[in-house]
Amino acid sequence: MTGRFANVIVDISHEKVDRPFQYRIPEALRGELAVGMAVMIPFGAGNKRIRGYVMEITDRNDYDEQKLKEVDSIVEDGICAQADSIRLAWWIRENYGSTMIAALKTVLPVKRKVKQIVKKTIVCKVDAAVAVRKAEEYEAKHQRAKARLMRGLAAQPVLPQPLVTGKLNVTVQTIQALEKAGLLEVQAQDTYRSALPENLSVSAQGAWQKKQLSENQAGIVDSIAADFKSGVRGTYLIHGVTGSGKTEVYMELIERIIAEGRQAVMLIPEIALTYQTLVRFYQRFGDRVSVMNSRLSAGERSDQYERAANGDIDIMIGPRSALFAPFGRLGLVIMDEEHEGSYKSESMPKYHAREVAGELCRMKGASLVLGSATPSIESYYRARQGEIKMFVLKERLAGGQLPKVYVEDLRSELRSGNRSIFSRRLHALIDDRLKKGEQSMLFINRRGYAGFVSCRSCGHVMKCPHCDVSLSEHTDRYRKVSRLVCHYCGYGMPGVTNCPECGSKYILGFRAGTQQIEELLNKEFPAARVLRMDADTTKSKDSYEQILSQFADGEADILVGTQMIVKGHDFARVTLVGILAADMSLHAGDYRAGERTFQLLTQAAGRAGRGVLAGEVVIQTYQPDHYAVVHAASQDYEGFYEEEISYRDLMAYPPAAHMMAVLVLSGDAQTGAVRARELVGQAKSEFGDARPVLIGPAEAFIGRISDVYRYVFYIKHRDYQVLTRIKDALEQMIHARQWNPDSVQFDFDPMNHY
Ligand code: ADP
Ligand code: ZN
Ligand code: ZN
């Protein structure tokens, strides 16, 4: 790229530098420098060398040329962003509000190149007979190491260097001496670190057999592929229960797109990205597929990024960030379980991967395929509006019927004197399964809600001194020591025996967490083997997979867990699923609570009866008449959608309208409150004729996290552009007042409340 000036974005997000700065390009770098490159530049009064990214190269200087500083150098190990990535970062910044550098870092999931591993092999330059003769000569001269190596090469003319220096115990000096003598050659080769589990290639052997797609499956593939071939790029939604064959459709589509010379991104929520899923893709596509997930080391990530950029792979599988694989020929993005909350980023910029995927596909001329058993209200709404073409897969292909569902009213349990966490029906069914040797899964929606400690005399609740949330009690089953822990900041203290407020000894934990359920099961069903899966038992690297495979191998009768147990694996012997308190997610206090509850209940219920045995599901609730519960029990998505969309429409919630949350953070309560009010004032002056709805400002639901105070206000409007216009005005004000840009966060169509 030619041009004498470079506009550079500076890699500091907490200072007031979120605009390009212009630099002169020194003679030596002219023609070398390209948009997207990382460069070192002098910055500030002290001309400290800092890193930046080139946004533009131009011949037009905006300032006096003499006053411009010069670009220092190109960062050699820097990842070079493609021009498309920079455009995408710009789009993210415009639509979600953030600094440009934060948006750039989002689209560059790999921050730096990590040197590739060099593999060395030793290649024999003489034929075997000569090698043997040389070996004999060395033996005669008592040069045993040289002799060993030549004998080794006589038997096998190519040897890996580690084998030679290791097993054969030959030093590098000896190897070099023989190389000098012209007997061998050391060849070096760059190799990529693999992102796939080590034992994958072994288990993937035995090869893949093409399945005859059902008529429905084939119809979907043909329709989307025909669109693609004729130049039509669209967004598609596959609504199909788990096990209806969506993944087979995805794989077939990917194959068709690859045949067109294009590449594909397969998005899967991290928690559902199991070993089994990877094996399926690997068996079919071999090493043309790679994976990006949070468990990869920096080196592994960097290599996958390189391979994608070089066109060495056709398919990138992964959660959210796989979207930013630097593919030059992207033709297809597939988003499985598109309703999943984890597709929304929780840190700035708070983008939704579904929307960014839509923009990416527009830029690249690619198609977008969404799939879910319980589509998001957003996607279904768009399908109804005709913006998305929808396909339905109704039957489970691997057999198994839909389970029978019971809704148990916990209020009437209490009236008839049952104070246990288990309704009488659930208790009886667990008992029944234990007798038959079948498996059960018990599921509680959220941790953190449960386990709080309160005084039954005065009502005092034990809270974190920094975060203003209730502490959870954790007890060691064997030693009976209890600790109170904050789930936000990790603050911990010993359990209390007397209320710090009134001294009463009736200060007790609310016993409805996974751990309490496990303990109760051990008490009520002493013979049952119980496994527990929650954030505590899955902290270490592979524990999630381990627990699931233990359960799949029949090493336990009952699996107790949070929502993470409803994803991924199929358990053929699970015939009972119990949802202990459906209400916990119903009362989460935000507009998506009903949708989340419906999804959780439907998916949990879908876990029962995956094999030949029929399944039963028990939903326990204090609100058996709530529409989310009623429609989940009858597995009626349409019915749920109709009620939910009319509620959203009435209340002007997304997708009927749009909502922008503005979160104001400050170490000082007073400052935070004042700034929130000032921002509201500024927003109001921008309203004009658009007249959006304003809620707040108020202290956030969690008013303080790690000693940072939190204030929030919400603005709703049917037109997204009105909200981004207000956001722009607020960003300008933040800039003008020189507030830290990270201290005000924007969240469009938020997934949770603040
Ligand atoms: P989903 O992604 O909707 O959960 P999958 O694609 O994983 O569904 O399919 C569920 C099961 O049915 C898998 O075991 C898969 O191998 C099998 N299956 C899918 N399509 C077919 C088909 N056309 N013929 C036979 N078995 C199939
Ligand atoms: Zn008390
Ligand atoms: Zn805390």
Side-chain angles (χ1 to χ4, degrees), residues 204 206-222 224 236-255 266-269 271-285 317 334-340 369-375 390-402 452-463 470-471 484 495-510 552 566-572 574 599 602-612 635 637:
W208 156 81
Q209 285 180 350
K210 198 179 174 87
K211 285 196 176 62
Q212 183 67 41
L213 290 190
S214 73
E215 203 175 307
N216 273 337
Q217 285 173 311
I220 298 173
V221 173
D222 289 342
I224 297 173
Y236 308 86
L237 171 64
I238 305 177
H239 180 196
V241 296
T242 320
S244 60
K246 295 187 295 296
T247 306
E248 288 297 322
V249 170
Y250 302 152
M251 291 197 290
E252 187 65 27
L253 267 174
I254 289 172
E255 194 159 306
M266 175 78 228
L267 297 178
I268 300 180
I271 194 119
L273 188 52
T274 58
Y275 183 72
Q276 292 169 343
T277 311
L278 277 184
V279 168
R280 272 176 89 176
F281 278 87
Y282 190 79
Q283 281 179 332
R284 180 142 181 187
F285 298 104
I317 304 182
I334 296 176
M335 196 169 183
D336 192 29
E337 312 225 33
E338 63 88 29
H339 62 276
E340 268 292 309
V369 174
L370 312 171
S372 175
T374 51
M390 188 166 72
F391 302 98
V392 182
L393 285 173
K394 282 221 163 67
E395 280 99 53
R396 280 182 176 177
L397 289 169
Q401 314 117 26
L402 289 177
F452 65 88
V453 172
S454 62
C455 172
R456 303 290 144 95
S457 301
C458 78
H460 177 74
V461 175
M462 298 298 293
K463 285 190 168 183
S470 48
L471 296 169
L484 302 180
V496 289
T497 47
N498 292 87
C499 172
E501 282 293 307
C502 74
S504 161
K505 62 183 197 308
Y506 293 104
I507 180 154
L508 303 167
F510 182 82
V566 296
K567 302 277 147 59
H569 288 232
D570 273 354
F571 303 105
V574 170
Q599 287 163 355
T602 312
Q603 302 228 338
R607 293 285 109 197
R610 299 301 296 271
V612 284
Q635 303 263 318
Y637 181 88

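All figures in this text were calculated on a predicted structure; none of them were measured in a lab. Position 1 is the first residue of the sequence; numbering continues from there. Just follow the structure's listing: the first ligand is 1, and inside any ligand the first atom is 1.
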Among [options], which one puts a heavy atom closest to [atom]?
| atom | options | answer |
| --- | --- | --- |
| atom 21 (C) of ligand 1 | Glu252, Glu215, Lys211, Gln212 | Lys211 |
| atom 8 (O) of ligand 1 | Gly240, Ala272, Gly245 | Gly245 |
| atom 7 (O) of ligand 1 | Glu395, Arg280, Lys246, Glu337 | Arg280 |
| atom 6 (O) of ligand 1 | Leu393, Thr247, Leu213 | Thr247 |

Compute the minimum heavy-atom distance from Val241 to ligand 1 and say whether it is under 4.0 Å.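 Yes.
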Is it true that a side-chain atom of Asp336 and a backbone atom of Ile268 form a donor plus acceptor pair closer than 3.5 Å?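 No; judged by distance alone, with no hydrogens or angles, the pair does not exist.
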Measuring from Asp222:CG to Gln217:CD, what's the distance to the nearest 0.5 Å?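 So the CG of Asp222 and the CD of Gln217 are separated by 11.5 Å.
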Electrostatic pair Glu252-Lys211, nearest N-O below 4.0 angstrom: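 Looking at Glu252 and Lys211, the cut-off is not met.
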Degrees at the Zn ion (ligand 2) between the SG atom of Cys499 and the SG atom of Cys502, nearest 10°: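 Value, to the nearest 10 degrees: 110°.
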Under 4.0 Å from any heavy atom of [X], which atoms of ligand 1 are there?
| X | result |
| --- | --- |
| Ser214 | 23 (N) |
| Glu248 | 6 (O), 16 (O), 19 (C), 20 (N) |
| Thr242 | 4 (O) |

Any Ser214 side-chain heavy atom under 4.5 Å of Glu248 side chain: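 No, too far: nothing below the 4.5 Å cut-off.
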Mode of Ser244 contact toward ligand 1 - side chain, backbone, both, neither (heavy atoms, under 4.0 Å):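 Under 4.0 Å from ligand 1, Ser244 contributes backbone and side-chain atoms.
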For the aromatic rings, using the six-membered ring if either is Trp, is the centroid distance between Tyr637 and His239 under 6.0 Å?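 Yes - the distance between ring centres of Tyr637 and His239 falls below the 6.0 Å cut-off.
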Over all heavy atoms of both residues, which pair between Leu253 and Val221 is shortest? Give the atoms and the distance, please.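 It is CD2-O, 4.0 Å.
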Looking at Lys394 and Val241, what are the two nearest heavy atoms and their distance?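 Closest approach of Lys394 to Val241, heavy atoms only: O-CG2, 3.8 Å.
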